[in-house]
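Just below is one structure, and these are the notes that go with it.
So you know, we letter chains A, B, ... as the sequences are listed, proteins then strands, and number each from 1.
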Protein chains: 2
Amino acid sequence: MKQGEKTKRHILEQSDKLFYEHGYAHSSFTDIMNATGLSKGNITYHFKNKRAILEGIVAQRMSEIEASFKAWEEKTHTPTERLALFCEMIVEQQGAIESFGCPMGTLTAEFSKNEPELYTLTLPMFNAYRAWLGEQFKELGFKAYDEEAMSLLGRVQGVAMVTHAFKDSDFFRREMERVKEEIKQKG
Amino acid sequence: MKQGEKTKRHILEQSDKLFYEHGYAHSSFTDIMNATGLSKGNITYHFKNKRAILEGIVAQRMSEIEASFKAWEEKTHTPTERLALFCEMIVEQQGAIESFGCPMGTLTAEFSKNEPELYTLTLPMFNAYRAWLGEQFKELGFKAYDEEAMSLLGRVQGVAMVTHAFKDSDFFRREMERVKEEIKQKG
DNA sequence: GTCTATATCTCGATAGAC
DNA sequence: GTCTATCGAGATATAGAC
């Protein structure tokens, strides 16, 4: 890998962490500078502005999301098993969700009121999950498969939101068990 | 009412609307100036800083929340009816929720990552609902009444969040019907 | 009680040396 | 490819006239 490419990845990695843990607006160029150990000038050499960094982050996340779908499909035989893996992925993030909420939900929520362009940029992540979950429910025979997908998304967003608001990981575990149970019953 | 008190209320009212519709950080003194038609100096005469305005808003909202509990209790005879009124209150906010999310949830979410002092200031609103919902479930005979309260809070926060993210009021109506149905079955 | 004017700070972005 | 230096906008907050 070229040095430039390496630096770019380093900036994206650190910025993603900052944006998640402190929010996009609250993460300044100075913060990114400190987190990466690079100068401001060097960062803007690789990304012309903050928005460009966010675009890079979303592109990276989207490919990770698609990769996880692929991995889940290769590992399983039934939609029910795949939905269980989706839940497992969320359960694994317990600590981070308690501290910072859902990485996708909190980012989108930050933009939805005031930043239509950035909101449009992050929404595809939500839509990717919506579509994939929809496929699973479709395969399970649900006529209203999209509604089921949305409902599940709402369910887990609510769990993440309240877990974060109350910093309550007991609630998180309890509620994710309920969600998994509900999925089993639908399969 | 004295003129000073009137001005104070006017500032709180307009600021609450601004903070809800655009977020706290995104609402500047200049915005409050424009929304109220008052000068910057006059606003800081009544509230020494932005935080003091938020404190006034939360105090106002808290008394409204307590007032709604009282009204619901006077209007009903059973906890199930009271929980239905709680849902009704949310359903009535459909348009605002689609556009701006939950007034309490989005405000708390904005502070939970970066502003511990403001987060501490807004959390009591959540706790008021948690406690009151808990009372209803307790009266219904649930041993784990607090868990039921939290679960319901998570449910509606998820609905509000996803409704706002996807700007989808059909999802909102559908899902709130489900929530109401679940409550009926518990009663 | 209400106003104008201003001080000070932080941010994103840019220019140019090496 | 990486750095330092600086600009200009917009934010909160304050001082003082009326």
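Picking from D/dT4, D/dG1, C/dC3 the nucleotide with the shortest atom distance to the side chain of A/Ser39 gives D/dT4. The side chain of B/Tyr45 lies closest to C/dT2 when the candidates are C/dT2, D/dT14, D/dT2.
Remark: A/Arg130 qualifies as a cation-pi partner of B/Phe166 under the 6.0 Å distance and 45° angle criteria applied to the six-membered ring. A cation-pi geometry, defined here as NZ or CZ lying under 6.0 Å from the six-membered ring centre and within 45° of its normal, does not hold between B/Lys113 and A/Phe100.
Taking the six-membered ring where tryptophan is involved, the planes of B/Trp132 and B/Phe69 are essentially parallel, since the angle between them stays under 30° and well short of 60°.
The neighbour count for A/Tyr145 OH, taken as heavy atoms of other residues, nucleotides or ligands under 6.0 Å away, does not exceed 12.
Taking 4.0 angstrom as the limit, B/Asn42 places none of its side-chain polar atoms (N or O) nearer than this to OP1 or OP2 of C/dG1.
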For this session: Might you work through the side chain to side chain donor-acceptor pair (under 3.5 Å) test for A/Glu81 and A/Thr78, ending with a clear yes or no?
Result: CA-CA 5 Å; A/Glu81 288 174 301; A/Thr78 70; 3.2 Å; yes

Problem set entry | Derivation and outcome, side chain to side chain donor-acceptor pair (under 3.5 Å), residues B/Glu98 and B/Gln94 | CA-CA 6 Å; B/Glu98 183 181 348; B/Gln94 181 198 303; 4.6 Å; no

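In this structure, the NZ atom of A/Lys48 is 12 Å from the C1' atom of C/dA13, given to the nearest Å. Spacing between atom NZ of A/Lys40 and atom P of C/dA13 amounts to 11 Å, rounded to whole angstrom units. Whole-Å rounding puts the A/Lys2 NZ to D/dG1 P distance at 8 Å. Computed from coordinates, the A/Phe47 CZ to C/dG12 P distance equals 16 Å when rounded to whole Å.
Counting any heavy atom pair closer than 4.0 Å across all strands shown, B/Gly4 reaches sugar-phosphate atoms only and no base atom.
Residues from residues 49-56 of chain B with heavy atoms under 4.0 angstrom of DNA chain D, sorted by number: B/Asn49, B/Lys50. Residues of residues 6-37 of chain B that place a heavy atom closer than 4.0 Å to DNA chain D, in numerical order, are B/Ser27, B/Ser28, B/Phe29.
With hydrogens and angles ignored, the 3.5 Å screen pairs a side-chain donor or acceptor of A/Ser39 with a backbone N or O of A/Asn42.
Remark: A/Lys8 engages no residue in a side chain to side chain donor-acceptor pair (under 3.5 Å) (not counting sequence neighbours).
Residues B/His164 and A/Ser112 bring a donor and an acceptor atom of their side chains to less than 3.5 Å of each other.
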